[in-house]
Amino acid sequence: MAGVQVANVSRSFGAHKALDDVSIDFADGGFYALLGPSGSGKTTLLRQIAGFDFPDSGRIAIGGESVERVPVEKRRIGMVFQNYALFPNMSVADNIAFGLSVRGEPKATIAAEVQRALDLVQLGKLGGRKPHQLSGGQRQRVALARAIVTKPRVLLLDEPLGALDKALRVDMQIELKRIQREIGITTIFVTHDQEEALTMSDRIGILRDGRLVQEGPPEEIYDRPQSEFAATFLGDANIFHGNATGSGIRLPDGTTIAASTGASVPAGAKASCAVRPERIRISPGAAKPDPANVNTLTGQVSKRIFAGNNSTYFVDRFGQTLKVIVQNTGAERLAEGQPVVLSWSPDSTVLIAA
Amino acid sequence: MADQLAIGSRRGLKPALPLLLPAYLWLTVAIFLPLSAMVFFSFMTDLPLAGKEWSFTLGNYAAFFSQSLYSTLLFSSLRLGLEVTLWCVVVGYPAAYVLAKVLKGRSREAIFLLVILPFWSNGLVRIFSWAMVLREGGILDTALNAVLPFKINIDLMYSYPAVIIGLVHSYVPYMVLTCYLTLQAIDDSLIEAGRSLGASRRQVLWRVIIPLSMPGLIAGAALIFVPVVGSFMEPRILGGRTGTFYGTIIEDQFVAVFNWPLGAALSFILLAVVLIILALAAPVLRRAA
Ligand SMILES: Nc1ncnc2c1ncn2[C@@H]1O[C@H](COP(=O)(O)OP(=O)(O)OP(=O)(O)O)[C@@H](O)[C@H]1O
Ligand SMILES: [Mg+2]
């Protein structure tokens, strides 16, 4: 078991910078999600750590030991591929045994370890099957068992749940998290599903165009995004553009929005504010605004989407559409076209430098 | 995989019949009719030409068993087939690997063309150009003597190695093509998975890539072994006196001695032996594939 340090790593393909000066410290035993849109360099970063590809510049260390010159097979990593990459000619048990057998472990040890790994992923009886006789979720488990049976120092997963349907995905998320806790392995998990990143990881790194945009625990990134991109990519956010006032921003129409979290931006400079849809209170146009929520705006409901436990209101205001999510508490619902007052607290407002 | 194919073809057979009909007609005319004529010949005492007397006999088949020459030649032809097939694996598999997994784009196309080229050239031209290369004072001899500081005599012409070289050159494209197809189908992530599990490149080759390309190796071997056992052109032209094989004896019966019945009988014995060998090898091969 070991942490992974990535320092100032860059990698270009021709003129295209797939990774641009990326530095991340993956803590020992942590569960780290790499999140980003397609083409942002997530797979490329994972491949540098695994050793399938080598950085143009920068350093990579596993367990404090520099690995730039260490080939893949000597890095002692475990990798789960998006397409699982199970050996089709081998049984499930032989797939799992592969890593131990190339190492020349005695047969009896291999058999015992394989059985233990099969039990860990709850596939105890399927050792004799061929990969094509398994369901997607089962293949996923075999790929995981195969990757961890060799006791690697780091587990790398490239969108491992991407091919599974929603229900199975949630099952596998829980399962993966359980196994990771049980063996305490440093895990780096690539995904472009923000919900998956939020629910599973201790820390998240957001990549965009080969750069690390923001990095930290999920709560921190969600509550204090440092860029519009981070705010809208991880979760939903209403973004207001304006000029900084010192305690918030002033919108072009003169309205001020107070913000008590986020960056400090000198007064007068361009800045924006982000507000999560669930932090906004929505009330009918006639109702008095709540004094605790000093930020108030008026608008008109343009659309309501009912989703059972909550409703999403789209509110039009000077050409901008704001999103508000309201828990279903049985309170009176607002109709489309109705004038409304939106209010929220400065604590829920994050100031972002432009 | 095989099950799926079988199910697919059973379901698809009835509607496909009109489509298959021309193919079956063609097979009947082009293969079945001449072949049955040959079966007929092989049981005759003489050709029914120019009013010659003829009757049915088993003598042509008996000749094979009464004269040890035929079985000796058949044995050396089988050995030749085996050796040529092995050399084709040795030469063709690495070439296919480089084509499928190492080269990309333009250079792949160029090398591919070079590999296929012998396919497109006339067999006789190909063999005679080898004769120019291999004989004493030929291209190989002259070139080596120009480079090497001492005098050597290279005269591979009319020798067993010359036959092997000519046959390997003619048949290696089959091996390259069949292996290329199976290697191409192996996902690179399988190779990466193997490496990430601690296997060296060599271990990945032996434990993942070669087992997965077995179907291509087997198909290539079958495509090469069978015709090489019956080959006569390369042995005759490049082997000279050493080039007497089972295939050349059969050819003699048809073009020199005009003993078609014996030639036909010898052909069918060869066919039977090859089929028996393939049948015996089938269970082993199926497990390997
Ligand atoms: N071998 C390569 N040759 C050329 N360009 C490459 C290569 N590998 C990646 N790239 C480019 O680098 C960029 C980052 O690719 P990468 O695969 O890391 O994206 P990703 O974040 O994993 O995306 P996705 O979510 O779609 O998997 C892309 O623009 C891609 O086209
Ligand atoms: Mg990717």
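Below, chains carry the letters A, B, ... as their sequence lines are ordered, and counting in each starts from 1. Side-chain atoms are counted along with the backbone in the values below, which use heavy atoms only and exclude waters and symmetry mates.
Using a 4.5 Å cut-off between heavy atoms, A:Phe87 touches chain B through backbone and side chain atoms alike. There is no contact between A:Leu156 and chain B, counting heavy-atom distances below 4.5 Å. For A:Arg146, the parts lying under 4.5 angstrom from a heavy atom of chain B are both the backbone and the side chain.
For A:Arg103, the CZ atom sits in a packed shell: over 12 heavy atoms of surrounding residues, nucleotides or ligands are nearer than 6.0 Å. For OH of B:Tyr174, the number of neighbouring non-hydrogen atoms (other residues, nucleotides, ligands) closer than 6.0 Å is 12 at most. For A:Phe13, the CZ atom counts as densely surrounded, since its 6.0 Å shell holds more than 12 non-hydrogen atoms of other residues, nucleotides or ligands. Other residues, nucleotides and ligands contribute over 12 non-hydrogen atoms within 6.0 Å of the CZ atom of A:Phe54. Other residues, nucleotides and ligands contribute only 12 or fewer heavy atoms inside 6.0 Å of the NZ atom of A:Lys17. The 12-atom threshold is not exceeded at CZ of B:Arg106, counting heavy atoms of other residues, nucleotides or ligands nearer than 6.0 Å.
Close approach to chain A, defined as a heavy atom under 4.5 Å from one of its heavy atoms, is seen in B:Asp187, B:Ser189, B:Leu190, B:Glu192, B:Ala193, B:Gly194, B:Arg195 of residues 177-195 of chain B, taken by number. Using a 4.5 Å cut-off between non-hydrogen atoms, no part of residues 160-169 of chain B approaches chain A.
Applying the side chain to side chain contact (heavy atoms under 4.5 Å, CB included) criterion to B:Leu27, with sequence neighbours excluded, gives B:Tyr24, B:Ile31. The ring-ring contact (aromatic ring centres under 6.0 Å, His included) test applied to B:Phe245 returns no partner, not counting sequence neighbours.
The most heavy-atom pairs under 4.5 Å with chain B, out of A:Ala147, A:Gly78, A:Pro88, come from A:Pro88. Note on A:Ala50, A:Ala85, A:Pro71: by heavy-atom pairs under 4.5 Å with chain B, the leading option is A:Ala85.
Here the closest non-hydrogen pair linking B:Ala199 and A:Glu73 is O-CB, 3.4 Å.
With contacts defined as side-chain heavy-atom distances shorter than 4.5 Å, the pair B:Arg207/A:Ser101 qualifies.
Atom CZ of A:Arg76 is separated from atom CG of B:Leu197 by 14.0 Å, given to the nearest 0.5 angstrom.
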